[in-house]
Amino acid sequence: MEQLDKQIVLDKRYLRMARIWAENSYCIRRKVGAILVKDQMIISDGYNGTPAGFENVCEDESGATKAYVLHAEANAITKVARSSNSSDGSTLYVTASPCVECSKLIIQAGIKRVVYNEAYRIADGLDLLARAGVVCEHIPDID
């Protein structure tokens, strides 16, 4: 039981870190953060925003998210891909449950566990992850 309690404490800490990392986002509609952890080490991080070199404006004049905005999970996964680290067997901590597009990246990156804080209104991403055998855990209270 003690090991389980320790894991829950760590999960909540990493989710709080993801929430803090989300503050870096320039997006107005929703700020999302992600932390990628392997062997109790943070190997990558990400937040939703525009690709490198683009202006830091995520929404168009009508308030809709621009099509080229990257999700926090995609940023964390592509960031680790450019490093010498491997995401195979890692855990992704993200402030909102992944969409189906990010779930495809999560599966292909070999991430084995996803811990999220807020449930996104569309559950397709979680359904796909479950189908692929990725463990998904919802922790709504992280304070």
Side-chain angles (χ1 to χ4, degrees), residues 1-54 56-60 63-143:
M1 190 64 166
E2 186 176 316
Q3 187 66 21
L4 181 62
D5 291 341
K6 183 178 179 182
Q7 187 61 57
I8 291 169
V9 168
L10 286 172
D11 287 346
K12 288 183 177 186
R13 283 182 185 153
Y14 285 128
L15 279 174
R16 285 194 300 270
M17 291 172 76
R19 186 171 59 193
I20 290 168
W21 203 242
E23 294 173 14
N24 290 315
S25 174
Y26 288 89
C27 296
I28 297 167
R29 289 183 63 211
R30 182 178 211 153
K31 295 177 184 298
V32 180
I35 303 288
L36 195 53
V37 176
K38 184 174 180 179
D39 301 326
Q40 297 183 356
M41 290 179 18
I42 296 171
I43 61 169
S44 190
D45 53 52
Y47 52 88
N48 57 327
T50 56
F54 281 60
N56 288 319
V57 178
C58 299
E59 293 85 11
D60 62 20
T65 301
K66 294 180 179 179
Y68 54 82
V69 168
L70 291 158
H71 289 185
E73 306 94 316
N75 266 326
I77 291 167
T78 55
K79 187 175 179 179
V80 79
R82 294 179 69 181
S83 75
S84 60
N85 288 317
S86 168
S87 56
D88 195 40
S90 64
T91 297
L92 180 69
Y93 293 90
V94 62
T95 58
S97 59
C99 70
V100 73
E101 292 300 317
C102 286
S103 293
K104 290 189 254 183
L105 293 175
I106 290 165
I107 293 164
Q108 291 301 96
I111 296 167
K112 296 300 179 203
R113 186 168 171 254
V114 174
V115 181
Y116 63 96
N117 180 224
E118 299 172 17
Y120 185 60
R121 60 183 169 81
I122 302 169
D124 291 2
L126 292 174
D127 294 341
L128 184 63
L129 290 171
R131 182 175 171 194
V134 176
V135 175
C136 297
E137 296 180 36
H138 180 207
I139 301 180
D141 181 24
I142 61 172
D143 291 320

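- Looking at heavy atoms from C-beta onward, Met17 lies in side-chain contact with Ile42 at the 4.5 angstrom threshold.
- Heavy-atom minimum distance, Ser90 versus Lys38: CB-CB, 3.9 Å.
- The salt bridge (charged side-chain N to carboxylate O under 4.0 Å, His left out) pairs that include a residue from residues 70-83 are Asp45-Lys79, where partners are two or more places apart or lie in different chains.
- Evaluation of the side-chain hydrogen bond (donor to acceptor under 3.5 Å, both in side chains) rule for Thr50 yields no partner, not counting sequence neighbours.
- Heavy-atom minimum distance, Ile43 versus Ser86: CD1-O, 3.5 Å.
- Closest approach of Cys58 to Gly49, counting heavy atoms only: SG-CA, 3.9 Å.
- Of the candidates Val135, Leu36, Thr91, Asp88, Ile111 forms a side-chain contact (heavy atoms from CB on, under 4.5 Å) with just one, namely Leu36.
- Screening residues 95-116 for salt bridge (charged side-chain N to carboxylate O under 4.0 Å, His left out) gives Asp11-Arg113, Glu101-Lys104, Arg113-Glu137 as the qualifying pairs, with residues at least two apart or on separate chains.
- Listed here is the closest heavy atom pair of Ala109 and Ile77: CB-CG2, 4.0 Å.
- Nearest heavy atom pair, residue Gly46 against residue Asn75, reads CA-CB, 4.1 Å.
- Not counting sequence neighbours, the partners of Arg19 by the salt bridge (Lys or Arg N to Asp or Glu O under 4.0 Å) test are Asp143.
- Rounding to the nearest 0.5 angstrom, the gap separating the CG atom in Asn48 from the CG atom in Asn24 is 10.5 Å.
- Ala96 approaches Val32 most closely through the heavy-atom pair N-CG1, 4.2 Å.
- Once rounded to the nearest 0.5 Å, the distance linking CG of Leu15 with OH of Tyr93 reads 7.5 Å.
- Formation of a donor-acceptor pair under 3.5 Å by the Ser44 side chain with backbone atoms of Ala76 is found in this model.
- Residues satisfying the salt bridge (Lys or Arg N to Asp or Glu O under 4.0 Å) criterion with Asp39, sequence neighbours excluded, are absent altogether.
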Could you go through residues 114-132 and list every donor-acceptor pair under 3.5 Å that involves a side-chain atom there, pairing it with any protein atom two or more places apart or in another chain?
| unit_1 | atom_1 | unit_2 | atom_2 | d |
| --- | --- | --- | --- | --- |
| Asn117 | ND2 | Ile139 | O | 3.0 |
| Asn117 | ND2 | Pro140 | O | 3.1 |
| Glu118 | OE1 | Arg30 | NH2 | 2.8 |

